[in-house]
Trainee: 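Once you've had a glance at the structure underneath, I'll fire off some questions.
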Amino acid sequence: MPASPDSAPAAVHQRVAGTADSAPQADPLADAPQSWPTQCEVLVVGAGPAGSACAQRLAARGVDVVLVDQHVFPRDKTCGDGLIPDAHAALRALGVYDELAALWQPAAHVRCVGPRGGHCDVPGTVSVLPRKVLDDVLVRAAARAGAQLAMPLRFEAPLEDAAGRVAGARLKAGEQTHEIRAQWVVLATGAVPQALTAAGMCERHTPSGVALRTYVRHPGLAASIRQLQFIWHPRIKGGYGWIFPCPGGVFNIGAGHPGSHRKLKSGKGRMQDINLRHFFETFCEVYEPARRLMSEGERLGELKGAPLRCSLLGARWSRDGLLVAGEAAGSTYAFSGEGIGKALETGLIAADALLAAPRQAGQLGGSDADIRQRHEAGLLALKPKFDLYERASRVNDMPWLADLVIWRANKSPRIMARMSAVIEEKQNPGWLLSFRGMRKLLTE
Ligand SMILES: Cc1cc2nc3c(=O)[nH]c(=O)nc-3n(C[C@H](O)[C@H](O)[C@H](O)COP(=O)(O)OP(=O)(O)OC[C@H]3O[C@@H](n4cnc5c(N)ncnc54)[C@H](O)[C@@H]3O)c2cc1C
């Protein structure tokens, strides 16, 4: 097997694409039109989880949707590749759960490792699948539902009518400019702020945090690292390291600093004095399995970093003719850096807002105000959960708390059950930092 960054993930991908050992099937990406469409009802910009989910749901309900991305799929996305129950639930709602479950590496526990080396294995329904594969499956599902794919096209700016309402987008393919007119645009362009800024939606240019990862093959460790592992340590204070087992004896190993950009009073962020590569190297020094993976394993690519936009902050959520979904709207959790599930959910929220009123003669129903209100209400309903994750992210600044929680979880089945409920989204992690939560932690 060649030592390419994506050799293991790509092997999985080939099965998805029907080019390896599965039966041949129509390839919606190969069938994508070579000439770009010029108009549609809804233009979805960004084909990550948020954009693909939105496009799929709209297309499945008969809406004329165009899904654009600056990249041709399959494409890599810097991520930990961990799928937690909120992602599983959204993938079920999209009808792709079984297809993905045949591809991902399932895990039954999340392992929390504290500074003293103690750990607890918290039960949870989780899995790992490289984003190159996951996102490709989602794009194909959107195409199968009827969304037109137009890639590679980069969003440059919104088209506006005389009243300033968004009426489509100006895009670029290389140096060539192309315009697509649309009744509505959904911006799902992830954590990079350029498209948000061009659309007049960016309130904070800097991200909330940063993280980086690489892939390493080490079949010898596959039997012992079977959980999603999170590691806290004073030497990587403010963040954490992780090792997630992918299919095929490959591991996604990385480190994140979700609060790297401290907020100033002005609301703007400024990066703290953090060298993320040093942060990662320190993680490998303090955690023996990470050191072994990096020193003994076969590296399948460079360390790649990427920004995070968390806590539903940093961007406006709508303007007339345009909705913002996914990480562009800040839909990643501050504590854990997980965001695939909530990106999918917010893509579906945007689609449902557009579908709420009956369509008439090929036109989406409902006023701008109604559609915007529904979308924003959907995001607002998620906000309390994000706020608790923001609060819980203080654990990253107090690694000793991880030791305490791990010690107590191993002693008390009720504490363990609470932690499992956090993973299953039946309990918020904020309880940990409340007075009552602390009391329960010490007494339950
Ligand atoms: C290192 C790291 C580790 C992470 N680990 C995890 C994890 O284990 N589990 C988890 O749940 N979450 C994780 N996350 C968070 C997760 O990656 C995001 O929450 C998720 O990708 C957000 O999905 P999205 O669809 O909103 O955006 P994205 O997945 O970023 O997709 C946005 C799409 O928009 C396209 N785009 C951007 N700009 C333009 C433009 N101008 N024109 C056209 N297209 C454009 C991009 O090419 C991209 O395809 C991690 C993040 C990082 C950085």
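What you see is a predicted model; the values in this text were computed from it and never measured. Read the numbers this way: they start at 1 and go in the same order the structure lists the ligands and their atoms. Because only heavy atoms are used, hydrogens play no part in the values below, and waters and symmetry mates are left out as well, while side chains stay in.
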Trainee: Specify the protein heavy atom at minimum distance from atom 41 (N) of ligand 1: its residue, its atom name, and the distance to 0.1 Å.
Mentor: F155 O, 3.3 Å
Trainee: Between the candidates T189, V68, L303, which shows the shortest non-hydrogen contact distance to atom 39 (C) of ligand 1?
Mentor: T189
Trainee: To the nearest 0.5 Å, what is the distance between CD (Q373) and CG (L380)?
Mentor: 9.5 Å
Trainee: Is it true that R131 and D135 have a side-chain N and a carboxylate O under 4.0 angstrom from each other?
Mentor: yes
Trainee: If you measure from atom 14 (N) of ligand 1 to every heavy atom of G337, A150, G339, which option wins on shortest distance?
Mentor: G337
Trainee: Once you restrict to heavy atoms under 4.0 Å, what part of I84 touches ligand 1? Side chain, backbone, both or neither.
Mentor: neither
Trainee: Taking D81 as the fixed residue, which of Y215, F251, W104 is the one that meets the side chain to side chain contact (heavy atoms under 4.5 Å, CB included) rule?
Mentor: Y215
Trainee: Taking only Lys NZ, Arg NE, NH1 and NH2, and the carboxylate oxygens of Asp or Glu, determine whether R61 and E41 approach each other closer than 4.0 Å.
Mentor: no
Trainee: For atom 23 (O) of ligand 1, what's the nearest protein heavy atom and its distance?
Mentor: A343 CB, 3.4 Å
Trainee: Quick one about T125 and H88 (side-chain donor to acceptor, distance below 3.5 Å, no hydrogens or angles considered), yes or no?
Mentor: no
Trainee: Roughly how far, to the nearest 0.5 Å, is CD1 of I180 from CH2 of W36?
Mentor: 8.5 Å
Trainee: So if I count the atoms of ligand 1 from 1 in the order they appear, which ones are less than 4.0 Å from some heavy atom of T332?
Mentor: 18 (C), 19 (O)
Trainee: Under 3.5 Å, is there a donor-acceptor pair linking the side chains of H218 and E296?
Mentor: yes
Trainee: Show the atoms of ligand 1 that are less than 4.0 angstrom away from any heavy atom in F244.
Mentor: 8 (O)
Trainee: For G326, take its heavy atoms, then give the atoms of ligand 1 lying under 4.0 Å from any of them.
Mentor: 26 (O)
Trainee: Identify, by atom number and element, the atoms of ligand 1 in contact range of G82, meaning under 4.0 Å from any of its heavy atoms.
Mentor: 7 (C), 8 (O), 9 (N), 10 (C), 11 (O)
Trainee: At what distance is the nearest protein heavy atom to atom 49 (O) of ligand 1, and which residue and atom is it?
Mentor: D69 OD2, 2.6 Å
Trainee: Hydrogens and angles aside, do D403 and W232 bring a side-chain donor and acceptor to less than 3.5 Å of each other?
Mentor: no
Trainee: Using a 4.0 Å heavy-atom cut-off, say whether R131 meets ligand 1 through its side chain, its backbone, both or neither.
Mentor: side chain
Trainee: Out of Q70, K77, E327, who gets a non-hydrogen atom closest to atom 28 (P) of ligand 1?
Mentor: K77
Trainee: Suppose we measure from atom 1 (C) of ligand 1 to each protein heavy atom; which comes out shortest, and what is that distance?
Mentor: A211 CB, 3.3 Å
Trainee: Using distance alone, decide if ligand 1 has a nitrogen or oxygen within less than 3.5 Å of any nitrogen or oxygen in R154.
Mentor: no
Trainee: Can you classify the ring geometry of F230 versus F244 as parallel (below 30°), tilted (30 to 60°) or perpendicular (above 60°)?
Mentor: perpendicular
Trainee: Starting from atom 2 (C) of ligand 1, what is the nearest protein heavy atom, named by residue and atom, and what distance separates them?
Mentor: C79 CA, 3.6 Å
Trainee: Does a side-chain heavy-atom distance below 4.5 Å link W242 with I231?
Mentor: no
Trainee: Show which atoms of ligand 1 fall inside a sub-4.0 Å distance from at least one heavy-atom site of I340.
Mentor: 9 (N), 10 (C), 11 (O), 12 (N), 19 (O)
Trainee: Decide whether an N or O pair under 3.5 Å exists between F73 and ligand 1.
Mentor: no
Trainee: Closer than 4.0 angstrom, basic N to acidic O: yes or no for R57 and D352?
Mentor: yes
Trainee: Which of the atoms in ligand 1, numbered in the order shown and given with their element, are less than 4.0 Å from a heavy-atom of A50?
Mentor: 25 (O), 26 (O)
Trainee: Taking a cutoff of less than 4.0 Å between a non-hydrogen atom of the residue and any ligand atom, is L153 in contact with ligand 1?
Mentor: yes
Trainee: Does only the side chain of H71 get under 4.0 Å from ligand 1, or the backbone, or both, or neither? Count heavy atoms.
Mentor: side chain
Trainee: Run the ring pair (Phe, Tyr, Trp, His ring centres under 6.0 Å) check on H233 and Y287 step by step: do they pass?
Mentor: CA-CA 9 Å; H233 195 278; Y287 189 53; 9.6 Å; no
Trainee: Which residue and non-hydrogen atom of the protein lie closest to atom 31 (O) of ligand 1, and at what distance in Å?
Mentor: G48 CA, 3.4 Å
Trainee: Report yes or no: does R75 have a heavy atom closer than 4.0 Å to ligand 1?
Mentor: yes
Trainee: Would you check, one step at a time, whether the test salt bridge (Lys or Arg N to Asp or Glu O under 4.0 Å) holds for K304 with D76?
Mentor: CA-CA 11 Å; K304 279 193 191 165; D76 195 17; 3.2 Å; yes
Trainee: For atom 5 (N) of ligand 1, what is the closest protein heavy atom, and at what distance to 0.1 Å?
Mentor: G80 N, 2.7 Å
Trainee: Is it the side chain (CB and beyond), the backbone, both or neither of A306 that lies under 4.0 Å from ligand 1, heavy atoms counted?
Mentor: both
Trainee: Roughly how far, to the nearest 0.5 Å, is CZ of R316 from CD of E376?
Mentor: 9.0 Å
Trainee: Does even one non-hydrogen atom of P49 get within less than 4.0 Å of ligand 1?
Mentor: yes
Trainee: Only heavy atoms of A188, strictly under 4.0 Å: list the atoms of ligand 1 that pass.
Mentor: 32 (C), 33 (C), 34 (O)
Trainee: What atoms in ligand 1 come closer than 4.0 Å to a heavy atom of G46?
Mentor: 33 (C), 34 (O), 35 (C)
Trainee: Roughly how far apart are L94 CG and E99 CD, rounded to 0.5 Å?
Mentor: 11.5 Å
